[in-house]
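Have a look at the structure below before the remarks.
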Amino acid sequence: MQQQGFAFAREPDEALAPGARVLRGFVCEAGVALWAEVQRVAAAAPFRHMHTPGGRRMSVAITNCGARGWVTDRRGYRYVTEDPQGGAPWPAMPALFGEVAAAAATAAGYPDFRPDACLINRYEPSARMTLHQDVDERDFDQPIVSVSLGLPAVFLFGGAARGDKARRVSLQHGDVVVWGGPSRRFFHGVAPLREGEHALLGRARVNLTFRVAG
DNA sequence: TAGTCACT
DNA sequence: ACTA
């Protein structure tokens with residue numbers, strides 16, 4: 001039976017740019033399990049507010065899991081195998097994370113995606129991410145997979161140059177964005193998170209960013 | 001010496 | 001205030 005409802009109509013998947021797609025509701029019922037795993041990771045490697053090389057405190061709280069974790073401080077951006085806060089290796093990437101990331105990548109046209117890094121960003125209301133590029137990885141042939149959980153957000157997807165006009169894309173709990181190929185190094189960001197309460201996550205949005213870093 | 005995952 |  002076809003979906004007929006205007007009430008539950010959802011925007012279809014769409015291309016954002018060459019090589020970039022939004023997969024709406026891709027996570028489906030796995031959201032609960034993904035959130036449980038995020039909490040396990042955060043128990044071992046707590047969310048913390050890092051600083052940019054310029055010394056500014058980021059509004060987003062960060063942790064990582066997997067073999068490599070992205071960090072930033074006065075010395076710059078880089079991937080490290082140990083949590084600088086405590087010196088232990090980052091928590092292992094949960095199997096479910098790898099499965100969801102690989103499935104999303106395949107659905108977007110990038111088979112055999114095996115990320116070694118999962119950056120976990122926690123946005124509370126007013127937190128934002130200004131336009132930036134993901135360029136700290138070694139192989140730009142590998143795509144980026146970004147999973148949204150919790151409160152909705154407006155994702156900004158620009159172009160190859162900082163000044164390119166950015167598209168505004170509304171992302172809901174369970175949506176996944178994948179970008180690679182010609183759009184692998186495109187500027188992107190997140191508009192300031194609006195107030196709200198999510199049934200599962202409460203007053204927060206959590207984003208999982210999967211990458212092949214090393 | 002340009003560029004900056006930040007702010008106004 | 002750093003690095004590449």
Side-chain angles (χ1 to χ4, degrees), chain A residues 16-17 19-20 22 38 41-42 45-85 90 93 97 101 115-140 142-171 175-180 182-195 204-214:
Chain A
L16 294 181
V22 195
V38 168
V41 168
F47 285 104
R48 80 294 304 259
H49 292 272
M50 295 186 181
H51 295 262
T52 65
R56 284 102 151 194
R57 175 186 187 269
M58 295 178 71
S59 58
V60 167
I62 288 174
T63 188
N64 290 276
C65 64
R68 298 167 192 275
W70 184 88
V71 298
T72 175
D73 59 21
R74 202 58 55 88
R75 290 161 29 209
Y77 314 133
R78 63 200 176 281
Y79 284 94
V80 294
T81 54
E82 285 89 31
D83 183 347
Q85 191 173 296
W90 296 107
M93 194 182 305
F97 280 23
D116 62 356
C118 175
L119 170 64
I120 307 177
N121 287 148
R122 187 189 64 201
Y123 296 74
E124 289 177 342
S126 86
R128 75 205 67 185
M129 188 76 77
T130 55
L131 283 181
H132 66 278
Q133 298 171 294
D134 290 4
V135 288
D136 303 311
E137 301 75 31
R138 297 165 71 109
D139 183 1
F140 296 131
Q142 296 292 331
I144 306 278
V145 172
S146 172
V147 176
S148 292
L149 299 175
L151 288 176
V154 174
F155 183 58
L156 310 169
F157 200 76
R162 176 175 286 284
D164 291 347
K165 199 179 74 172
R167 247 180 99 171
R168 297 171 67 87
V169 184
S170 180
L171 295 181
D175 290 350
V176 179
V177 183
V178 181
W179 66 100
S183 55
R184 173 61 179 76
R185 279 176 275 188
F186 277 17
F187 281 84
H188 57 280
V190 177
L193 200 76
R194 297 206 302 229
E195 269 299 344
R205 168 177 189 263
V206 164
N207 181 73
L208 312 176
T209 306
F210 295 96
R211 307 178 176 120
V212 176

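Computation of the quantities below employed the complete heavy-atom set of this structure, encompassing side-chain atoms and omitting hydrogens, waters and symmetry-equivalent molecules. Lettering follows sequence order; numbering is per chain, from 1.
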Protein-nucleotide distance (A:R162, atom CZ; B:dT4, atom C1'), rounded to Å: 7 Å
Nearest heavy atoms of A:L171 and A:F155, plus distance in Å: CD1-CB, 3.4 Å
Separation of atom CZ in A:R185 from atom C1' in B:dT4, rounded to whole Å: 17 Å
A:S59, nearest nucleotide to its side chain (from C:dA1, B:dC7, B:dT4): B:dC7
Euclidean distance, atom CD of residue A:Q133 to atom P of C:dA4 [Å, nearest integer]: 16 Å
Closest listed nucleotide, where the reference is the side chain of A:M58 and the choices are C:dA1, B:dA6, C:dT3: B:dA6
Nucleotide B:dT4, atom C1' - distance to CG of A:D134 in whole Å: 14 Å
Nearest-angstrom distance from the residue atom CZ of A:R57 to P of B:dT4: 23 Å
Residue pairs passing the side chain to side chain donor-acceptor pair (under 3.5 Å) test where at least one lies in residues 46-56 of chain A, sequence neighbours excluded: A:R48-A:D83, A:H49-A:R57
Neighbour count above 12 (heavy atom, 6.0 Å) for A:R78 CZ: yes
Qualifying side chain to side chain donor-acceptor pair (under 3.5 Å) pairs with a residue from residues 155-166 of chain A, counting only residues at least two apart or across chains: none
Distance, rounded to the nearest Å, where A:F187 contributes CZ and B:dG3 contributes P: 10 Å
Nucleotide nearest A:R128 when distance is taken to its side chain, options C:dA1, B:dC7, B:dA6: B:dC7
Sugar-phosphate only, base, or nothing, as touched by A:D136 at under 4.0 Å among non-hydrogen atoms: base
Candidate nucleotides B:dT4, C:dA1, B:dC7, ranked by approach to the side chain of A:T130 - the nearest: B:dC7
A:H132 NE2 to B:dG3 P, straight-line distance once rounded to whole Å: 18 Å
Nearest to side-chain heavy atoms of A:R75, which nucleotide of C:dA1, B:dA6, C:dT3: C:dT3
Spacing between A:R56 atom CZ and B:dG3 atom C1', to the nearest angstrom: 12 Å
Shortest non-hydrogen separation from A:W70 to A:M50 and the atoms involved: O-CE, 4.1 Å
